[in-house]
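Chain A is the first sequence line, chain B the second, and so forth, proteins listed ahead of strands; every chain is numbered from 1.
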Protein chains: 2
Amino acid sequence: MWKMEIPEAAIIRLSVYSRCLKDLNEKGIMDIASSDIAEMVGVKSSQIRKDLSYFGKFGTRGSGYNVLDLYTQTLKILSLCCGWSVALVGCGNLGSALSCYGGYKERGFHITSIFDNDPKKIGTMICGIEVMHIDRLEEVVKKNRTQIGIISVPDAAAQIIADALIRSGVRGILSFASVILNVPAKVEIRYVDLIGYLEILTFGMQNKNWKRPYQK
Amino acid sequence: MWKMEIPEAAIIRLSVYSRCLKDLNEKGIMDIASSDIAEMVGVKSSQIRKDLSYFGKFGTRGSGYNVLDLYTQTLKILSLCCGWSVALVGCGNLGSALSCYGGYKERGFHITSIFDNDPKKIGTMICGIEVMHIDRLEEVVKKNRTQIGIISVPDAAAQIIADALIRSGVRGILSFASVILNVPAKVEIRYVDLIGYLEILTFGMQNKNWKRPYQK
């Protein structure tokens with residue numbers, strides 16, 4: 001669909017711009033310059049223009065962007081128009097925090113089911129959603145036509161859960177486990193490795209001359 | 001210190017290998033082939049050898065690696081030998097989950113202080129650590145010689161908190177806010193943008209022909 005190579009970082013930033021535009025729209029602001037968005041999100045305005053250029057032509061030179069129009073376009077690019085059903089697997093401390101996180105819903109991500117294997121948790125409610133036994137995962141995820149799964153189970157169980165999610169029709173996985181999961185090419189996967197991020201910090205802090213490959 | 005360009009992804013994987021080697025060492029396993037580590041963490045063994053080659057020569061051709069030796073080397077490379085003091089700012093659902101996360105301590109990250117500005121939380125204990133008012137951040141972070149800060153406050157407060165952490169001597173920041181923070185070059189910063197990750201998934205799921213730039 002998009003002809004140019006699009007760096008992943010540009011898509012994450014597009015998501016940040018989109019959330020900023022949502023706020024602006026809710027405040028009743030109709031037009032905005034890229035320099036104002038830049039100041040709000042903390043990047044250079046040339047970066048914003050470059051990022052947007054991957055996806056088409058937006059705004060008018062000199063008069064900036066129409067907020068509602070650009071916001072709607074960003075939702076379309078990020079495929080956020082119609083809402084997404086999300087299954088959360090594993091509700092320890094982190095899983096519980098994730099299931100109660102209000103920010104998802106605002107962007108169209110609806111946690112429609114939560115699974116765990118701890119008998120004490122099954123049947124309890126977490127922020128309005130009943131925790132179900134993992135044995136019901138395939139049945140429920142198929143029934144809800146859920147396409148995104150969030151994995152926050154111990155490392156040793158992560159691959160089994162990923163396999164079950166994919167068998168049930170999930171095409172996107174966000175994993176908080178610290179093992180690399182084997183998934184077919186048709187499945188998008190991203191990792192949130194909290195320890196890994198901290199160790200990137202410590203490596204960078206102790207190696208200030210670290211040569212990093214050129215990144216677009 | 002390291003002469004070659006080292007991709008960030010190689011450092012995250014080194015962190016994953018290091019945690020795997022820790023488990024192996026605790027199980028009393030003394031030697032291991034890269035193919036066995038590969039199977040445990042879910043990457044190809046050629047990838048492991050390539051990743052390790054950025055940091056020196058390890059192991060013996062044919063007989064693999066000494067587990068304890070390689071584990072110790074990975075800790076050294078990642079600067080994890082001596083422990084790190086971490087300050088956590090913002091203890092909503094996510095912050096509380098992060099402060100109770102056992103995985104940090106195992107890798108030498110010790111959450112030594114927790115801050116919030118909600119009067120109801122000040123003085124309460126979260127997993128053994130007392131929540132202090134944000135007004136005390138600079139005093140306590142300086143006193144503890146804390147070098148790493150985790151920011152899990154609302155977006156609007158994130159820059160103010162980052163500034164206060166840096167003034168107090170913090171050199172590494174992990175931010176869960178979805179704004180890009182302005183920090184001096186001497187400070188390492190990484191973002192954990194949960195909504196951004198989900199939106200990368202939805203973009204990728206709807207654009208299976210997405211051309212991604214070459215990544216080492």
Side-chain angles (χ1 to χ4, degrees), chain A residues 1-8 11-12 15-16 19 41-43 77-80 84 93-94 96-98 100-101 103-104 107 109 147-148 159 171-174 178-182 186 188 190 192-213 216, chain B residues 1-8 11-12 15-16 19 41-43 77-80 84 93-94 96-98 100-101 103-104 107 109 147-148 159 171-174 178-182 186 188 190 192-213 216:
Chain A
M1 187 171 178
W2 315 106
K3 282 177 189 155
M4 277 189 288
E5 286 188 348
I6 304 174
E8 195 159 308
I11 296 166
I12 292 245
S15 159
V16 172
R19 283 172 266 169
V41 300
V43 306
I77 296 164
L78 295 164
S79 303
L80 298 176
W84 291 90
N93 281 323
L94 183 65
S96 301
L98 294 173
C100 294
Y101 179 41
Y104 290 151
R107 299 291 290 171
F109 298 101
Q147 295 204 301
I148 296 177
Q159 184 67 55
R171 295 190 299 128
I173 291 176
L174 191 65
S178 65
V179 285
I180 291 145
L181 300 171
N182 291 305
K186 66 177 180 184
E188 285 287 327
R190 288 298 177 285
V192 183
D193 179 355
L194 298 173
I195 292 175
Y197 292 125
L198 280 178
E199 297 186 3
I200 283 262
L201 286 186
T202 55
F203 181 83
M205 286 158 72
Q206 298 296 76
N207 296 282
K208 290 311 293 181
N209 297 321
W210 170 20
K211 290 186 190 178
R212 303 158 200 229
K216 279 190 224 183
Chain B
M1 187 171 179
W2 314 106
K3 283 178 189 154
M4 276 188 288
E5 286 189 347
I6 304 173
E8 194 158 309
I11 297 167
I12 290 247
S15 160
V16 172
R19 284 172 266 170
V41 300
V43 305
I77 296 165
L78 294 164
S79 304
L80 300 176
W84 291 91
N93 281 323
L94 182 65
S96 301
L98 294 173
C100 294
Y101 179 40
Y104 290 150
R107 299 291 290 170
F109 297 101
Q147 295 204 301
I148 295 176
Q159 184 66 55
R171 296 190 300 129
I173 291 176
L174 191 65
S178 65
V179 285
I180 291 146
L181 300 171
N182 291 306
K186 65 177 181 184
E188 285 287 328
R190 291 297 178 283
V192 183
D193 178 356
L194 298 172
I195 292 175
Y197 292 125
L198 280 178
E199 298 185 3
I200 284 263
L201 286 185
T202 55
F203 181 83
M205 287 159 73
Q206 298 296 78
N207 295 283
K208 290 311 292 181
N209 297 321
W210 170 22
K211 291 185 190 177
R212 301 158 202 231
K216 279 190 221 181

Looking at chain B, which one of A:Gly103, A:Gly42, A:Ser96 has the largest number of heavy-atom pairs inside 4.5 Å, strictly under? A:Gly42
Going by the rule side-chain contact (heavy atoms from CB on, under 4.5 Å), which residues pair with B:Thr202 if we only count those two or more places apart in sequence or in a different chain? A:Ser79, A:Leu80, A:Trp84, A:Phe109, A:Ile148, B:Glu199
Minimum heavy-atom separation for B:Asn93 and A:Cys100, please, with both atom names. ND2-CB, 3.5 Å
Identify the two heavy atoms, one from B:Ser15 and one from A:Gly196, that lie closest to each other, and give their separation to 0.1 Å. OG-CA, 3.7 Å
Only pairs of heavy atoms separated by less than 4.5 Å count here; which of B:Leu94, B:Asn182, B:Leu174 has the most with chain A? B:Leu174
Side chain, backbone, both or neither of A:Gln147 within contact of chain B (heavy atoms, under 4.5 Å): both
Any chance you could lay out the side chain to side chain contact (heavy atoms under 4.5 Å, CB included) test for A:Glu188 and B:Gln206, step after step, and finish with the verdict? CA-CA 10 Å; A:Glu188 285 287 327; B:Gln206 298 296 78; over 6 Å; no
If you look at every heavy atom in A:Gly172 and B:Leu201, which pair is closest and at what distance? C-CD1, 4.0 Å
Qualifying residues under side-chain contact (heavy atoms from CB on, under 4.5 Å), relative to B:Asp193, sequence neighbours excluded: A:Ile12, A:Val16, A:Arg19, B:Ser178, B:Ile195
Considering only heavy atoms and a distance below 4.5 Å, find which of B:Val179, B:Val41, B:Val192, B:Leu181 pairs most often with chain A. B:Val41
Report which part of A:Tyr197 has an atom under 4.5 Å of a heavy atom belonging to chain B: side chain, backbone, both, or neither. both
In Å, rounded to the nearest 0.5 Å, how long is the span from CG of A:Leu198 to CG of B:Leu78? 11.5 Å
Honestly, the part of B:Ile173 sitting under 4.5 Å from a heavy atom of chain A is backbone
